[in-house]
Protein chains: 8
Amino acid sequence: MNEDRLRQLLEDVVSGLLSWEKAFRRIKDLPYEDLGYAKIDYHRTLRKGFPETIFCEGKTPEQTAAIARHMWERGENVLGTRCSPESFAAVQKEVPQAHYDATARLFTICSEELPLSSSYVAVLCAGTSDLPVAEEAALTCESLGCRIERIYDVGVAGLHRLLEHREKLAEASAIIVCAGMEGALPSVVAGLVSSVVIAVPTSVGYGASFGGIAALLGMLNSCAPGLTVVNIDNGYGAAVAAAMINRLAERTRSE
Amino acid sequence: MNEDRLRQLLEDVVSGLLSWEKAFRRIKDLPYEDLGYAKIDYHRTLRKGFPETIFCEGKTPEQTAAIARHMWERGENVLGTRCSPESFAAVQKEVPQAHYDATARLFTICSEELPLSSSYVAVLCAGTSDLPVAEEAALTCESLGCRIERIYDVGVAGLHRLLEHREKLAEASAIIVCAGMEGALPSVVAGLVSSVVIAVPTSVGYGASFGGIAALLGMLNSCAPGLTVVNIDNGYGAAVAAAMINRLAERTRSE
Amino acid sequence: MNEDRLRQLLEDVVSGLLSWEKAFRRIKDLPYEDLGYAKIDYHRTLRKGFPETIFCEGKTPEQTAAIARHMWERGENVLGTRCSPESFAAVQKEVPQAHYDATARLFTICSEELPLSSSYVAVLCAGTSDLPVAEEAALTCESLGCRIERIYDVGVAGLHRLLEHREKLAEASAIIVCAGMEGALPSVVAGLVSSVVIAVPTSVGYGASFGGIAALLGMLNSCAPGLTVVNIDNGYGAAVAAAMINRLAERTRSE
Amino acid sequence: MNEDRLRQLLEDVVSGLLSWEKAFRRIKDLPYEDLGYAKIDYHRTLRKGFPETIFCEGKTPEQTAAIARHMWERGENVLGTRCSPESFAAVQKEVPQAHYDATARLFTICSEELPLSSSYVAVLCAGTSDLPVAEEAALTCESLGCRIERIYDVGVAGLHRLLEHREKLAEASAIIVCAGMEGALPSVVAGLVSSVVIAVPTSVGYGASFGGIAALLGMLNSCAPGLTVVNIDNGYGAAVAAAMINRLAERTRSE
Amino acid sequence: MNEDRLRQLLEDVVSGLLSWEKAFRRIKDLPYEDLGYAKIDYHRTLRKGFPETIFCEGKTPEQTAAIARHMWERGENVLGTRCSPESFAAVQKEVPQAHYDATARLFTICSEELPLSSSYVAVLCAGTSDLPVAEEAALTCESLGCRIERIYDVGVAGLHRLLEHREKLAEASAIIVCAGMEGALPSVVAGLVSSVVIAVPTSVGYGASFGGIAALLGMLNSCAPGLTVVNIDNGYGAAVAAAMINRLAERTRSE
Amino acid sequence: MNEDRLRQLLEDVVSGLLSWEKAFRRIKDLPYEDLGYAKIDYHRTLRKGFPETIFCEGKTPEQTAAIARHMWERGENVLGTRCSPESFAAVQKEVPQAHYDATARLFTICSEELPLSSSYVAVLCAGTSDLPVAEEAALTCESLGCRIERIYDVGVAGLHRLLEHREKLAEASAIIVCAGMEGALPSVVAGLVSSVVIAVPTSVGYGASFGGIAALLGMLNSCAPGLTVVNIDNGYGAAVAAAMINRLAERTRSE
Amino acid sequence: MNEDRLRQLLEDVVSGLLSWEKAFRRIKDLPYEDLGYAKIDYHRTLRKGFPETIFCEGKTPEQTAAIARHMWERGENVLGTRCSPESFAAVQKEVPQAHYDATARLFTICSEELPLSSSYVAVLCAGTSDLPVAEEAALTCESLGCRIERIYDVGVAGLHRLLEHREKLAEASAIIVCAGMEGALPSVVAGLVSSVVIAVPTSVGYGASFGGIAALLGMLNSCAPGLTVVNIDNGYGAAVAAAMINRLAERTRSE
Amino acid sequence: MNEDRLRQLLEDVVSGLLSWEKAFRRIKDLPYEDLGYAKIDYHRTLRKGFPETIFCEGKTPEQTAAIARHMWERGENVLGTRCSPESFAAVQKEVPQAHYDATARLFTICSEELPLSSSYVAVLCAGTSDLPVAEEAALTCESLGCRIERIYDVGVAGLHRLLEHREKLAEASAIIVCAGMEGALPSVVAGLVSSVVIAVPTSVGYGASFGGIAALLGMLNSCAPGLTVVNIDNGYGAAVAAAMINRLAERTRSE
């Protein structure tokens, strides 16, 4: 359901084609479908302007598949994060055109093609092991219509690798930086640019990395202003924030 | 020092008025002034487009005042955060027109007036005790030329207070939400809007709030996408990120 | 064994039908049965007025089944929590009429049907992944004779879903709210009602949720008075407390 | 403002004495008074049926006093918790009849005397050092019209002291247990009674008590059902929950 | 190797039967056998007067079996703790008379029968799930010649179960108390007796028990003097300390 | 009150000099004196055989002094731990012969001289900064009639200092080892002796010592059996346990 | 690629055989090979003088094998740490002469034999369970041309085992000490020698060892100067630092 | 006392000038002086080759002064760390030529001038607030005869400041890097050089820096090999390790 349909509904009321009561009931009824275990919130789509997302972890494959199917049948673009291969198998049975990315553990169902923006978000990662999180961020951005530039494997122990990309960094509307272990990369990046850096600590590491806490704390304590942080391994969250910022930049260009 | 002066320098080289070697040395020399204990980085001003900031905590009043004076003598706008009244007294002796805000524990030295943006950032706080952090964020934004709308004392235990402000929230280019204790306000706000929410956990609380850890964890774990987090009590950091985003929105409007 | 039987015993002493010594010994002997590895405490039934519960985790299937059988043979209603399918298989071999709920991982053996109360406890959960804990709470309440109203999937990122249920919330004698991740739902609910809210943090989440610690801290730090907390994933404990409160409300109605 | 006035307002609308618009505006306007730094929420009084409370920590004496005066001028009963002697001095200047309890660090302003309930809540503490928290709980209960029985200094290292009070415990509608250090008292109490036990960990202790964490964890992990927990040193929160439960018991009696 | 053999060696030197150099070399050589990966320390046996123990966790089955065989071949009594069934299978192939206890995950090889003491150590546990730790403690004590009284399933939520055993507790030379969850049992026991209580936190529990931390903290913060603590699940360590104390009591009796 | 008086009381009942009811009431009444804020437990003296102890921290000087006076007036030996100079001043006003040790922050009131045991407990500390805790342990032992050998400033970074004292260590009935920072000393000591080692972590250190947590964890994880641990800085608790063990050794000698 | 080739390149520029631009491009291009998911950094080899290392954890077997093959084809010595048997199988298919050590979970590919140094690094471990970490350190050192002396199973609970090796310790250019549980061994060793001790906490232990945190904290808080620490189980990191120090010692000898 | 004197002593024994018994006693007696509360260990001087150090924190001014005087009277060079101005005042009264550095909170007593090495250690710090720790490290190194190059205020948010010093870094025999907040500087430095980097986390920061834990974790998790870590704020410990390494480099040069 898109904003246009809501506007139509309201105009029908104003023009007398629809009673207020009926319109009110439709608005109230339409966006919910009670599947017994989960209320799908189409209002949120409306509010956020983005496709609906299913966080698959903690849901059974059957629950995931049923929610995905309902969204798809309503013409929504669907994004499923933290989706195991087993859960995706169940989804694909219900929605054959669903597409899965095994590295990012993420599926997409594209009902309506979104054009990619001309402005872009840069996605960086420090090491090869950070790839799943970086790809979750990158693919989520793209599913939201936001163009991506990938700059991977540029950890701080080899600064020259990063410095090669300064120009590409300078042009980005926002930058997502994924790093585990000591999590120092976002600080260094934020010192080089004047756009917002969204730091994603990853659970990559061992011993005193404590599943990403070391990286998380490093990022929260960065002395580089303009740096904000999301939860450990939360590539999806970083992507949504970055795409929101990119929309602001895009509007500028398109006007 | 502003971007114009740098451009001038480079154009002088191109036009032959200045040898490359001299220009290079000037660029390299100018932005640093070695005070013995702190290298002031005017390059960063250049990179970030914002006034230089002094984080006063951990510096002696004398160090703070000397750094502030040097910046001011170069024509910089100066922002001093986490500044005790004692440190400000030392600053004011060196720079009489410095202005202090006791709630936010922050001083500003305005060398060149910045016009406020037409687009704005909303700053929210949950309770009266969060005021110092919220004001640090608000005043920092303003010192960066970013217009602010304050929406204070709207904690989640009284939802109707918050819901009154939905329209003002919907129009903001970015939203800063300061909250201590359980830190639930940013989640609720992010569920209402489609712009980025920058959550600032505050150290307000007692017992199991652990000086802001409870609020920090709550914000990091928010299920509302588009929400990013900064360090506990870091109103300054949130403000810089928000002002960067607001600049993108502003460009759109001004074009 | 119920309170009546104890009263009878004591009256028999008073009326001279039973010597004090014998009565004393019976009381002392009856409630214990030494199975070698666990002393079943029928006194507690007496004290609490509720069926005896087996916490199955950490017990072997054989231990669980033997304890369940002994309780059942004495005419007790039995509740088994945190019961794996393997353990339930062993129980069912001993007590064929035992009933298992796979979502809540809980079994019941009903020796004596309990009428459900007219007053009720509301059980809420924030997301689909919180269902197992919410159902443990709901089914435990029902096994204690306490009527339940389920209000599921009403997380704070979509406030309107929750607000629809305000009336049902207002009528409840107590409210159990299960939430993982940032655990903000109980605060919001407690701000809407004037009955006790029992918050159950769940281990749902990832990264900085630390297996439920983020939710737990959020709930402990709630600024909404009337909110109390139980252990992470402890739906059972919340249910017992809620049922105790509901009994007070019920007495009012039945009088 | 009490419930009657609201009912009156609505009846005036029905009877035509007041237009809906005006009534709506009055409801919306009345309960708020904007003091600049804190919105006083008289709606909450309505919702909760209890006097308004000021959490004084983190507010300046001037802020505290101004809020207290405004509430008092509206005829509210006022409760101020975590109030330093300095803050109370400021309050007393504004509201001379305010009463302060130095042990509980709490003040009350009684505009309208509340009759004490016939049913009661028992307040226990383990040691002399837990007194401030226990008294915060007890005095808060009384300010809410709830009768209290105090049972102090009954730690688990001397069980006979506690066992002497079994009868008084058995009759309580709810029991508040304050304990620091290992926090074992609530478990033992909850094993003796069939009413809800609200455990309040206190920050009493040293070394590995970590300011009350040891007690908090002990209480959360209690194997005694019917036990719920509030934040460290949160006597106020426990009291509000207990008074809510006591109201249910009271209704029974009064009917 | 026992103390007698060492004494003999030294007397042989004094009487001239053995040169000091040779004796010195024998003492130095004898107690070590270098298996490549572990130096077996027979000196420790000498120092402690107890059989040598193998902590099997972290060793391969082959390493465990080889160490056990070498000890056994020297006529040592051997105790193997934290031994998986797989490791024991390897041990049994090398030393057929080795005996395994599956609950305590512990094996013993008895080369020389030790008479049990007349004085005894009491071993308590709070619940059925604490059995493995309690049995590790009990069997270790017995392997050290220390008589044991088992008092199991006497958690604090049912005090009367514990109080029945007061006399047996009063007579013990030392008391080992194993408890998980809130870990309150040792405090209550230490309040009843005048002998040392060695508290063993177990990893039994869930949620905020944090694998035994809650119980550990509870025990460390006990206000009952005479209570000392060992590591989580360390039944073995508690047993060695208790057996050392029991030896002091035994000497009294036997003299 | 001593054990003799209790025995007398019971014999008077058997011989008919006293009715059972009266005896019962006397036993029940005598040991308590209600000071309003603290129930002094003379039963515990009876149970433990040791003078009553006042933990002064968290009590006001007035409370401390009143409790001390009441104990003293009953002819008790009194020990006050964690007593500030201010609190002791109040005590001394009430009980002039009270004696204070400023290093250990401990006072004693000796009503009845206790002879020192012939067997002894060794008290070790790693560094000069651990002295306050070591002295709390040593003086507490002496107040319980237990002879002490002090072996101070023998940290593991200079092993030869410790090894000089091996004989004195070998003869002790129990050993108390106080150490901060890495807390390694108890492990090394326990490897040298065959008596129980009671390890007391101290809060000495900085940075990652976390107020004694590093030392506490080191001691809990010691691989040296026979080592038990008490709370950080809890010299008193270690002393009571050690004195209990020493009594067992003493009985042996005196028989 | 070795330093000689770089020097050659630069000399060719000076002698005019190569234009600066070409040389610059070659330097810039050569050291990188973009495999899509990992940029291999031959510059680092140059900077550090050591073979390139692959941290295999978090990489798929295919990624590991492809990176290893590329390095090997360039004539590099290759070291692969934290390599599972599955990953090594993939490596061996690509590079048949790769050698695997199952204890250390490490593989090496030797393209150019390195002579071992005459000076040496001592590697110690406290127990058999620490072997994997100690061997990772030892084999890494050897792959860097650094001679090793192994001194294993010398925990602090049996000091004499360690003291036997004092001479070998005194001669080492640096000492690596691996220990889990309480982690006291490095402190004791550092007290005996005057060379740098690099402490490696291992995750060996249970309960309150918290996967190596106890050992880590113990080492960080050591009062023995000259002791530095690396991450839990980081034998590799300790080895690189030790080999760097050994190179300094070696230069001395070879001159 | 220096190594020569010990050698002389032993040669006197060999040449018959001194009996073995006397020599043995002298060695044993000389290095200790029992001041009652602290055993001064001159052996350690011997072992380590460095002046004796007094860690003043936790010692009274009187204790500090007495220890300093005794060392000085024996002709030792003395270093006092973590010395408050009050403690230094006491030291100066006893030893007038003692010298104090207020920033580093450190005093030195120079009995015998040490020549500075030709090789050097670089000391870096990230910000002005890290100065006290950096100066403790630098002055300690100098007191050990180790030349220092200071490179201050070169945090990662302004990389160009650091990169200017690459040559000076490359020549150092070891590098000490002090940094608070996110602690990223050591990683970046270790990526640039091939000597050992000793990272010193400082307690500089706020909120989620947790007094230096964030920096500590960042450093422990660095992916740059050759980096080792010491305790938070432990400039002294880093300096001793660096000076030990520098001695190896110096020997090379001087030969």
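Each chain gets a letter, A, B and so on, in the order its sequence line appears, and its residues count up from 1.
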Problem - Atom CD of C:Gln97: over 12 foreign heavy atoms under 6.0 Å - result: yes

What's the shortest heavy-atom distance between [X] and [Y], and which atoms?
X	Y	answer
A:Leu216	C:Ala208	CD2-CB, 4.1 Å
A:Glu57	C:Ser129	O-OG, 3.5 Å
C:Tyr206	A:Asn234	OH-CG, 3.0 Å

Exercise for the section: Give the intermediate values and the outcome of side-chain contact (heavy atoms from CB on, under 4.5 Å) for residues A:Gln63 and C:Leu131. Expected result: CA-CA 12 Å; A:Gln63 290 174 332; C:Leu131 267 179; 4.1 Å; yes

Completion exercise
In this structure, CD of C:Glu182 is separated from CG of A:Asn231 (nearest 0.5 Å) by 10.5 Å

